[in-house]
Number of protein chains: 2
Amino acid sequence: MGTRLALRIQERYEELTPSEQKLAQFLLDRPDEILASSATELARFTGVSKATAARLFRNLGYNDFNDVRLQAREERNRTGPVQQIPMPQAAVDEVVTVPTHLQVESANLTRTFEELRPDVLNAAAEQIGGAGRVWVAGLGIENGIARYLRILLTRVRPGVHMISENAATWPEELASTGPNDALIIIAVRPWTKQIATVLTFARTTRLKTIVITDPTNTGKARRKEATVLNCHVSTPWSELTQTSVLSMAQLLAATVANRIGGRAKARRDLIADLAEEIESGDI
Amino acid sequence: MGTRLALRIQERYEELTPSEQKLAQFLLDRPDEILASSATELARFTGVSKATAARLFRNLGYNDFNDVRLQAREERNRTGPVQQIPMPQAAVDEVVTVPTHLQVESANLTRTFEELRPDVLNAAAEQIGGAGRVWVAGLGIENGIARYLRILLTRVRPGVHMISENAATWPEELASTGPNDALIIIAVRPWTKQIATVLTFARTTRLKTIVITDPTNTGKARRKEATVLNCHVSTPWSELTQTSVLSMAQLLAATVANRIGGRAKARRDLIADLAEEIESGDI
DNA sequence: CATTTTCTGAAACAAGAGTTTCATAGACAT
DNA sequence: ATGTCTATGAAACTCTTGTTTCAGAAAATG
């Protein structure tokens, strides 16, 4: 569960103008900054004008920046003293040190899994465990992680397939799916048209869809009636980090295994044995 | 250790006037309030006038209330050393809960990067940055992560290639490498013969070799004169987690980018532009 | 290409925060 | 009681923040 501000942003993200999105993005990545900083500072951080900032908050349905701040404060008081690991500032020299890296990764992991609702995770696992076949998709940089997830799932249940990296052939590949199948899409920002297309397709064919994504896109995915697993991926510099995405994949696979139970374990052992035999050259 | 503000208050508490003490007390009780509230609000909370608040901060040795706020913010950002996170015991019921997962991942990440020596990381980055061509290898489940690393590195420098997943063809592929090239192998346990073979080969051809692996194998890799990046991957149950491996890949790529400097940034921007154009269908 | 619409930051403006001044209330000594 | 000194808040003042307006830039549309 995120803050109310975050929810509003996710709902209206597409309607926002580009500079508003820049600022909104920042607020999603670092919600605590609302409490500590003035609107002027937020604008400066993200390189937009004060005017744009004022407009954004109005467009999100607040009267005032003050409204926003008050709401944020109220929410902070309500949620217990969760020891959030703060995201470091952008270092001026832009050099990534090992401790900074660790802190960034920890912050993202912590936020990701403290926000993750177990019922959502279980729903996703249920869909995957109960599906006839499972399809895993990941474009571009996410492709490697998608393959990783596929292998994890293959260890646990049969019938897990990758959808090719070439988005052009997705229609053909997806054509053979049925309503008893499940589709897992790994897609952090930027959100491409292909993804939107596939999600629409999945909804019309009643394919169970699980989307692993970042807060910028949860709204879009949810509107397509997908189960959304939200991962924090931001860093103080401009790159993203996929660590929490991989970790989410790991957890998802483990949860599916739990759900399936004994059969999953048997299958894992079988695979381990096979791997060992191949390695030792007995075959 | 408390905040610097708290220390100053404690030092001078007796010298403060009664109303100043009231306010100071409040700040000691709720140090985070400094970040979220204005001086006027703090005064109102404690039933003291704005003037008293201004005087208090001056008496504590600050120029300004703004000084106080800036210091508090700065202290929040560079939070102290990350506390050592204990690895959970094997849960008897073997069910992976979300909090347990988070704790396991945090523990592995923390151990991985607190042990990582910056000079080793830099050496690895140097080898990759300075190499003629770079080869990335990852077998089985690590293959996805290897692909991920390859893409990260491709964003930063040209000439980064995957070695195919089929280990049988490695001899041919490696035959075209020269002593100016670098080889990155991602190989956590189990350690296969192929890996040992390739490492031996790499040493004889004086290929610069970086091995990303887990503590079980560091010794073996080091004996082949490879640069070893050690990742903790264990979990209380029998599976491994590759999260820290991915995180290491991320850090490695970032470090290479730093090392290469401006050219890396230029290349990244170029790629980002291209990606955008492809997405928008302009090509 | 022209026209309309949308987006955006600079600048003007209004509101509020923080500091300083100042008058006064209270404490204490004489 | 008188004078002195400290503590305090009201109010004046200054500076910053947040909003609104407006004109130009950019994008979309015909």
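The model shown is predicted, which means the values in this text are computed figures rather than measured ones. Chain naming here is simple, since letters A, B, ... match the order of the sequence lines and numbering starts at 1 in each.
When the C1' atom of dG18(C) is taken as reference, atom CZ of R58(B) falls 11 Å away, rounded to whole Å. If you measure from atom CZ of F45(B) to atom P of dA17(C), you get 12 Å, rounded to the nearest angstrom. Straight-line distance from the CZ atom of F57(B) to the P atom of dG18(C): 9 Å, rounded to whole Å. When rounded to the nearest whole Å, the span between CG of L60(B) and P of dT19(C) equals 12 Å. In this structure, N66(B) atom CG and dA17(C) atom C1' are separated by 11 Å, rounded to whole Å. For the pair N59(B) CG and dT20(C) P, the interatomic distance rounds to 12 Å; values are reported in whole Å. One atom, CG of D64(B), and another, C1' of dT19(C), lie 9 Å apart when rounded to the nearest Å.
A39(A) comes within 4.0 angstrom of the backbone, heavy atoms only, and of no base. Residue contacts shown for R44(A) are absent, as no nucleic acid heavy atom lies under 4.0 Å away.
With a heavy-atom cut-off of 4.0 Å to chain B, the contacted part of DNA chain D has its first and last nucleotide at dA7(D) to dA10(D).
In terms of heavy atoms, V136(A) sits closest to A146(A) at CG1-O, 3.6 Å.
Every side chain to side chain contact (heavy atoms under 4.5 Å, CB included) that E14(A) has, sequence neighbours left out, goes to K220(A), R223(A). Every salt bridge (Lys or Arg N to Asp or Glu O under 4.0 Å) that E41(B) has, sequence neighbours left out, goes to R73(A). In terms of the ring-ring contact (aromatic ring centres under 6.0 Å, His included) criterion, residue partners of H101(A) (sequence neighbours excluded) are, by chain and number, F113(B). Residues forming a ring-ring contact (aromatic ring centres under 6.0 Å, His included) with F65(A) (at least two apart in sequence, or on another chain): F57(A). With sequence neighbours excluded, the residues forming a side chain to side chain contact (heavy atoms under 4.5 Å, CB included) with A43(B) are A53(B), listed by chain and number. Annotation: ring-ring contact (aromatic ring centres under 6.0 Å, His included) contacts of Y62(B) (sequence neighbours excluded): none. Qualifying salt bridge (Lys or Arg N to Asp or Glu O under 4.0 Å) partners for R259(B), counting only residues two or more places apart in sequence or in other chains: E126(B).
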Tabulated below should be each protein N or O lying under 3.5 Å from an N or O of nucleotides 5-9 of chain C; please produce it.
| unit_1 | atom_1 | unit_2 | atom_2 | d |
| --- | --- | --- | --- | --- |
| dT8(C) | OP1 | S19(A) | N | 3.1 |
| dT8(C) | OP1 | S19(A) | OG | 2.4 |
| dT8(C) | OP2 | T17(A) | OG1 | 2.4 |
| dT8(C) | OP2 | S19(A) | OG | 3.0 |
| dT8(C) | O5' | S19(A) | OG | 2.9 |
| dG9(C) | OP2 | S49(A) | N | 3.3 |
| dG9(C) | OP2 | S49(A) | OG | 3.2 |
| dG9(C) | OP2 | T52(A) | OG1 | 2.8 |
| dG9(C) | N7 | R55(A) | NH2 | 3.3 |
| dG9(C) | O6 | R55(A) | NH1 | 3.3 |

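Expressed to the nearest 0.5 Å, how far CG of N63(B) lies from CG of L70(B) amounts to 11.0 Å.
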